[in-house]
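Worksheet: one structure, shown below.
By convention in this document, chain letters (A, B, ...) are assigned in the order of the sequence lines, proteins followed by strands, and residues within each chain are numbered from 1.
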Amino acid sequence: MTRRRLPRSFYARAAHEVAPDLLGQVLVRIFPDGARASVRIIEVEAYGPDDPASHAFRGETPRNTVMFGPPGHLYVYFTYGMHHCMNVVTGGTAEGSAVLLRAAEPLEGEEEMVLRRGREGPLDLCSGPGRLAQALAVDRRDDGLDLVAGDGLWLEATPRPETIAVGTRVGVHETTRRWRYWLDGSPFVSRGRPGPPTAKRRIPRARSMTP
DNA sequence: CATATGATCCGCT
DNA sequence: GCGGATCATATGA
């Protein structure tokens, strides 16, 4: 199967527009040792400008510098003393918006991911932001990585996915911005369970975003 | 400096 | 469902 890599223009839109379009897209990882893995994006969350839940809300700091750079780069942060989380920078340069990758479905290289995770079973490999980063061996060395022009990690375009569910973000008590999106009914969603979806939509993917 | 906290995960109950 | 692990980061003294 031949797929096109997502172009910079895909990322250069508002986070809450990019987020649902990321669902179903394939994230490809080439590990430092050359092994390959790929996963299908199942769940994401958008973080925009003027968003109190965003790491960028209080301005640029050494940690979130990448968020204020050009779109299409990876923002990786370390949290809870033991987990890494990966984000895709969106919007315009210096806007400070991004989409958190929360869960995915293993496609290729499951053996590699089992090794990195120390756990078996496809449901336990990438179902959660910390798990996903660990399965793909992503850490702060990957902070700032270019998803469009770099090698090692990139996203490939796929046909439009099934129904998208929408809900509130994990750990964010706010009902106005329902910026958590996942593929409805997928068993690969993370266990940060905010309850049932508050809406289901069929979001047509822009023609330029599909092969 | 000191301290509070977190876009989490896991094991146990 | 709950609490512990474990530390970078941000903030205030």
Interatomic distance where [atom1] belongs to [X] and [atom2] belongs to [N] [whole Å]:
X	N	atom1	atom2	value
M82(A)	dG3(C)	CE	C1'	12 Å
H83(A)	dG4(C)	NE2	C1'	11 Å
H84(A)	dG6(B)	NE2	C1'	15 Å
E60(A)	dA10(C)	CD	P	11 Å
R117(A)	dC9(B)	CZ	P	8 Å
D139(A)	dC7(C)	CG	C1'	15 Å
N64(A)	dT9(C)	CG	C1'	10 Å
R58(A)	dT5(B)	CZ	P	13 Å

Worksheet item: Is R119(A) near enough to dC9(B) that one of its side-chain N or O atoms lies under 4.0 angstrom from OP1 or OP2?
Response: no

Worksheet item: What is the nucleic acid contact for G171(A), judged by heavy atoms within less than 4.0 Å: base, sugar-phosphate only, or nothing?
Response: nothing

Discussion item. I'd like to know whether L27(A) forms a side chain to side chain contact (heavy atoms under 4.5 Å, CB included) with L101(A), so could you lay out the CA-CA distance, the side-chain angles of the two residues, the decisive distance to 0.1 Å, and finally the verdict.
Written reply: CA-CA 10 Å; L27(A) 178 63; L101(A) 305 184; 4.1 Å; yes

Worksheet item: Is there a side-chain contact between R13(A) and T90(A) (heavy atoms, below 4.5 Å)?
Response: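 The answer is no; the side chains never approach within 4.5 Å.
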
Of the options [options], whose atoms approach the side-chain atoms of [X] most closely?
X	options	answer
R63(A)	dT8(B), dA10(C), dG11(B)	dA10(C)
P62(A)	dT9(C), dA10(C), dG6(B)	dA10(C)
H55(A)	dA7(B), dC9(B), dA5(C)	dA7(B)
T61(A)	dG11(B), dA10(C), dT8(B)	dA10(C)
S54(A)	dA10(C), dA5(C), dA7(B)	dA7(B)

Fill in: pi-stack flag for F78(A) and dA8(C), centroid dist under 5.5 Å, interplanar under 30°
no

Worksheet entry | Verify stack between Y77(A) ring and dA7(B) base, 5.5 Å, 30 degrees |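 Check failed, Y77(A) does not stack on base of dA7(B).
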
[N] pairs with, by Watson-Crick or G-U criteria that keep both distances under 3.5 Å:
N	result
dC7(C)	dG6(B)
dC2(C)	dG11(B)
dA13(C)	none

Worksheet item: Passes ring-ring contact (aromatic ring centres under 6.0 Å, His included), Y47(A) versus H55(A)? Steps please.
Response: CA-CA 8 Å; Y47(A) 289 87; H55(A) 285 178; 7.4 Å; no

Practice prompt. For R131(A) and for V172(A), locate the closest nucleotide of DNA chain B by heavy-atom distance; then report the residue assigned to the nucleotide nearer the 5' terminus.
Written response: V172(A)

Fill in: P atoms of dT6(C) and dA2(B), separation to the nearest Å
22 Å

Practice prompt. Mind listing the closest non-hydrogen atom pair of L100(A) and M86(A) along with its distance?
Written response: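 Closest heavy-atom pair between L100(A) and M86(A): CD1-O, 3.5 Å.
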
Worksheet item: How far apart are the C-alpha atoms of R40(A) and E162(A), what are their side-chain angles, what is the distance that settles it, and do they pass the salt bridge (Lys or Arg N to Asp or Glu O under 4.0 Å) test?
Response: CA-CA 13 Å; R40(A) 183 167 177 257; E162(A) 52 270 45; 3.1 Å; yes

Discussion item. So if I apply the side-chain contact (heavy atoms from CB on, under 4.5 Å) rule between P122(A) and each of P106(A), P187(A), S127(A), which one comes out positive?
Written reply: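 Answer after filtering P106(A), P187(A), S127(A): P106(A).
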
